[in-house]
Amino acid sequence: MAVWTLGLNHRTAPIHLRERFAFASDQLVLSLQGLRRTFETHKEVAILSTCNRTEIYCAGDDVQWRQTLRWLADTGKTQVDDLQSHIYRLDGDASARHAFRVASGLDSMVLGETQILGQFKEAVRVAADSGALGTTLNQLFQRSFAVAKEVRTSTDIGVHSISMAAASVRLACRIFEDIKDTHVLFVGAGEMIDLCVAHFAAKSPRSITIANRSAERADKLAHMHGGRSMSLADLPARLHEFDVVVSCTASTLPLIGLGAVQRALRARRNRPMFMVDLAVPRDIEPEVKGLSGIYLYTVDDLTQVINSGQSHRQEAVTEAEVIIDEGVQKFMAWLDRRSHVPLIQELNLQADAWRQTELARARKRIENGQPVHSVLESLSMALMKKMLNAPLRELNHPDSVQREKALVAVKHIFLND
């Protein structure tokens, strides 16, 4: 069984390309079904799609790069030649090592972050529920999660970790002298916004407002931090009220356009606005970045701030890689054993056929009145002859090289205590 991974991430592709291949959660099942249909036989598949990466994991009789790449390119309405230089292709142990590193947070923009593990588990759950997983990928992913847990508990990989939320606060502190004087708007109410609200709330801004499609979720999050909620429909008219805007939704189209921001700036008499767009696809039109008085940062722009604490964790990374290497070796050994399963099944069927044949003969002899001890003697002799027939034939093979191989095999199988 072959295992392969094809993907693009924050290191290989800019955000304007990555957002073309971001899979909405409500479309993931259909995407998995479509991907499986591109193969000659329905392979095992899973899709991991986050702000920083889109990865396709597959397992089948043989690696099928061409079909996998063509499907991904078509999904993102991109030419294969334009996508080639931004993707990575991994198979076998390299694919397993990559999955283990991703789950452990070693391949993340924020080294050692834990959010990716939850996202990975959710991607696996969706694939399993849609019938796209089989024994091989299930083993790969379960081992990935076990390795990630060991890395997290046995190393300091998460120490000194700077999250996207913390980086956003750091940047805001560079723009404004005191966060306590700012009005902060959060667009969305998912896990990332939840983290951002908590970090900004710790700085005690003048006000916190949550805008979200689900009023119930917005109200709940606002109440937790002493803020208030508002409707997304009111966003264009009220944008000028806020000094800081942090957005992260699952929308496939921008929620904050250039015109809305221009009107907000005029209403603010060009007082600066700090905006963070953590969504992929982006929530804020990229042209906004060119406006005077606007400080707009995307997930890619936060890299430099985040990387400032990475050097402290190099020793932890080394320790984590040792754990991952051991996990990869164990998975590849399991995968190699899986390749022998058809032969093992065939061997069991052959042995059972011998057993059934001799058992039928023995029953017939007993029914005919033959003594039981005589029947058992004949049964055991017949099974012994069947078992030894092939080994003895190979030991008497006319070719000396074949005889020597048979001698070694027979000693190992039959005479090894």
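Computed from a predicted structure; not experimentally measured. Each residue takes its place number in the sequence, starting with 1. Computed from heavy atoms alone, side chains included, the values below leave out hydrogens, waters and symmetry copies.
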**Q** Any donor-acceptor pair under 3.5 Å linking the side-chain atoms of Thr298 with those of Asp301?
**A** yes
**Q** Provide the full list of salt bridge (charged side-chain N to carboxylate O under 4.0 Å, His left out) pairs with a residue in residues 50-71, sequence neighbours left out, each pair given once.
**A** Arg53-Glu55, Arg53-Asp107, Arg70-Asp74
**Q** May I ask you to decide whether Glu216 forms a salt bridge with Lys220, counting only side-chain N to carboxylate O separations under 4.0 Å?
**A** no
**Q** Hey, are the side chains of Leu6 and Tyr57 touching, using non-hydrogen atoms and a 4.5 Å cut-off?
**A** no
**Q** Heavy-atom distance under 4.5 Å between the side chains of Leu291 and Met275, does that happen here?
**A** no
**Q** Distance-only, no hydrogens or angles: does the Asp156 side chain make a donor-acceptor pair with backbone N or O of Ala316 under 3.5 Å?
**A** no
**Q** Report the residues that fulfil side chain to side chain contact (heavy atoms under 4.5 Å, CB included) with Leu253, sequence neighbours left out, ordered by chain and then residue number.
**A** Ser251
**Q** Thinking salt bridges, do Asp399 and Arg403 make one under a 4.0 Å N-O criterion?
**A** no
**Q** Hey, what's the ring geometry for Tyr88 with His98, parallel, tilted or perpendicular (30° and 60° as the breaks)?
**A** tilted
**Q** Is the backbone N or O of Leu35 less than 3.5 Å from a side-chain atom of Thr38, with the two atoms forming a donor-acceptor pair by type?
**A** yes
**Q** Please check if atom CD in Gln356 has more than 12 non-hydrogen atoms from other residues, nucleotides or ligands closer than 6.0 Å.
**A** yes
**Q** Roughly how far, to the nearest 0.5 Å, is the CG atom of Asp93 from the CZ atom of Phe100?
**A** 10.5 Å
**Q** Just list the side-chain donor-acceptor pairs under 3.5 Å for residues 369-380, sequence neighbours left out, or say none.
**A**
unit_1: Ser378; atom_1: OG; unit_2: Ser374; atom_2: O; d: 3.1
unit_1: Ser380; atom_1: OG; unit_2: Leu376; atom_2: O; d: 3.2
unit_1: Ser380; atom_1: OG; unit_2: Glu377; atom_2: O; d: 2.9

**Q** Please work out which of the three classes, parallel, tilted or perpendicular, describes the rings of Phe120 and Phe145, given edges at 30° and 60°.
**A** perpendicular
**Q** Only one of Thr54, Thr68, Leu69 passes side-chain contact (heavy atoms from CB on, under 4.5 Å) with Ile87; say which it is.
**A** Leu69
**Q** For Asn389, give me all partners under side chain to side chain contact (heavy atoms under 4.5 Å, CB included), at least two apart in sequence or on another chain.
**A** Arg393
**Q** Answer yes if the side chains of Glu122 and Gln119 hold a donor-acceptor pair under 3.5 Å, and no otherwise.
**A** no
**Q** Considering only residues two or more places apart or on different chains, which pairs with a residue in residues 191-230 satisfy ring-ring contact (aromatic ring centres under 6.0 Å, His included)?
**A** Phe186-Phe200
**Q** Would you say His412 has more than 12 foreign heavy atoms packed within less than 6.0 Å of its NE2?
**A** no
**Q** Could you tell me whether the side chain of Thr12 and the main chain of Leu8 form a donor-acceptor pair under 3.5 Å?
**A** no
**Q** Under the rule for salt bridge (charged side-chain N to carboxylate O under 4.0 Å, His left out), what residues qualify as partners of Asp194, not counting sequence neighbours?
**A** Arg217
**Q** How close do Ala279 and Ile15 get, heavy atom to heavy atom, and via which atoms?
**A** O-CD1, 4.3 Å
**Q** Strictly distance-based, threshold 3.5 Å: is any side-chain N or O of Ser130 a donor or acceptor partner for the main-chain N or O of Ala128?
**A** no
**Q** Check whether any side-chain heavy atom of Val169 sits under 4.5 Å from a side-chain heavy atom of Cys196, and report yes or no.
**A** no
**Q** Run the salt bridge (charged side-chain N to carboxylate O under 4.0 Å, His left out) test against Asp219 and tell me which residues pass, sequence neighbours left out.
**A** none
**Q** Under the salt bridge (charged side-chain N to carboxylate O under 4.0 Å, His left out) criterion, do Glu358 and Lys386 qualify, and how do the steps go?
**A** CA-CA 10 Å; Glu358 295 307 321; Lys386 279 183 165 62; 2.8 Å; yes
**Q** Which heavy atom of Phe331 sits nearest to which heavy atom of Thr136, and what is that distance?
**A** CE1-O, 4.1 Å
**Q** With a 4.0 Å cut-off, would you call Lys364 and Glu367 a salt bridge?
**A** no
**Q** In the structure I gave you, are the side-chain heavy atoms of Met192 and Cys51 within less than 4.5 Å of one another anywhere?
**A** no
**Q** So do Thr5 and Ile56 actually touch side chain to side chain, heavy atoms under 4.5 Å?
**A** no
**Q** Taking Ala233's backbone N and O only, do any of them form a donor-acceptor pair with Ser231's side chain (distance below 3.5 Å, no angle check)?
**A** yes
**Q** Mind checking whether Trp354 and Asp352 have side chains closer than 4.5 Å, heavy atoms only?
**A** no
**Q** Taking the side chain as C-beta and beyond, is there a heavy-atom pair between His183 and Thr209 under 4.5 Å?
**A** no
**Q** Please list all pairs meeting salt bridge (charged side-chain N to carboxylate O under 4.0 Å, His left out) that have one or both residues in residues 17-32, counting only residues at least two apart or in different chains.
**A** Arg18-Asp300, Glu19-Arg282
**Q** Please enumerate all residues that pass salt bridge (charged side-chain N to carboxylate O under 4.0 Å, His left out) together with Asp325, with sequence neighbours excluded.
**A** Arg97
**Q** Measure the CD1-CG distance between Ile284 and Asp277 for me, rounded to the nearest 0.5 Å.
**A** 4.5 Å
**Q** Tell me if a side-chain donor or acceptor on Thr153 pairs with a main-chain N or O of Glu150 at a distance below 3.5 Å.
**A** yes
**Q** For Arg143 and Gln139, test the side chains for any donor-to-acceptor distance below 3.5 angstrom and give the result as yes or no.
**A** yes
**Q** Which value, rounded to the nearest 0.5 Å, describes the distance between Met230 atom CE and Ile210 atom CD1?
**A** 10.5 Å
**Q** Between Ser104 (side chain) and Leu106 (backbone), is there a donor-acceptor pair under 3.5 Å?
**A** no
**Q** Evaluate the side-chain contact (heavy atoms from CB on, under 4.5 Å) criterion for residues Leu48 and Thr50: first the C-alpha distance (whole Å), next the side-chain angles of each, then the deciding distance (0.1 Å), finally the verdict.
**A** CA-CA 7 Å; Leu48 173 62; Thr50 74; 4.0 Å; yes
**Q** Listed by chain and number, what are the side chain to side chain donor-acceptor pair (under 3.5 Å) partners of Asp91, not counting sequence neighbours?
**A** none
**Q** What I want to find out is whether Glu44 reaches Arg36 closely enough, with some N-O distance under 4.0 Å, to be called a salt bridge.
**A** no
**Q** List for me each residue that meets salt bridge (charged side-chain N to carboxylate O under 4.0 Å, His left out) alongside Arg89, sequence neighbours excluded, and say none if there are none.
**A** none
**Q** With Ser247, which residues qualify under side chain to side chain contact (heavy atoms under 4.5 Å, CB included), at least two apart?
**A** Val187, Thr249, Asp283
**Q** Output, in order, the C-alpha distance, side-chain angles, deciding distance and verdict of side-chain contact (heavy atoms from CB on, under 4.5 Å) for Leu185 and Arg238.
**A** CA-CA 10 Å; Leu185 170 66; Arg238 296 187 55 188; over 6 Å; no
**Q** Between OG1 of Thr135 and CH2 of Trp334, what distance do you get to the nearest 0.5 Å?
**A** 6.0 Å
**Q** I need the Ser207 OG to Phe242 CZ distance, nearest 0.5 Å.
**A** 6.5 Å
**Q** Can you tell if the side chain of Ile47 reaches within under 4.5 Å of the side chain of Leu32, non-hydrogen atoms only?
**A** yes
**Q** Please check if the number of heavy atoms outside Arg228 that lie under 6.0 Å from its CZ is greater than 12.
**A** no
**Q** Does a side chain donor of either Ser108 or Glu113 reach within less than 3.5 Å of an acceptor in the other side chain?
**A** yes
**Q** For the NZ atom of Lys411 and the CG atom of Leu415, what is their distance to the nearest 0.5 Å?
**A** 8.0 Å
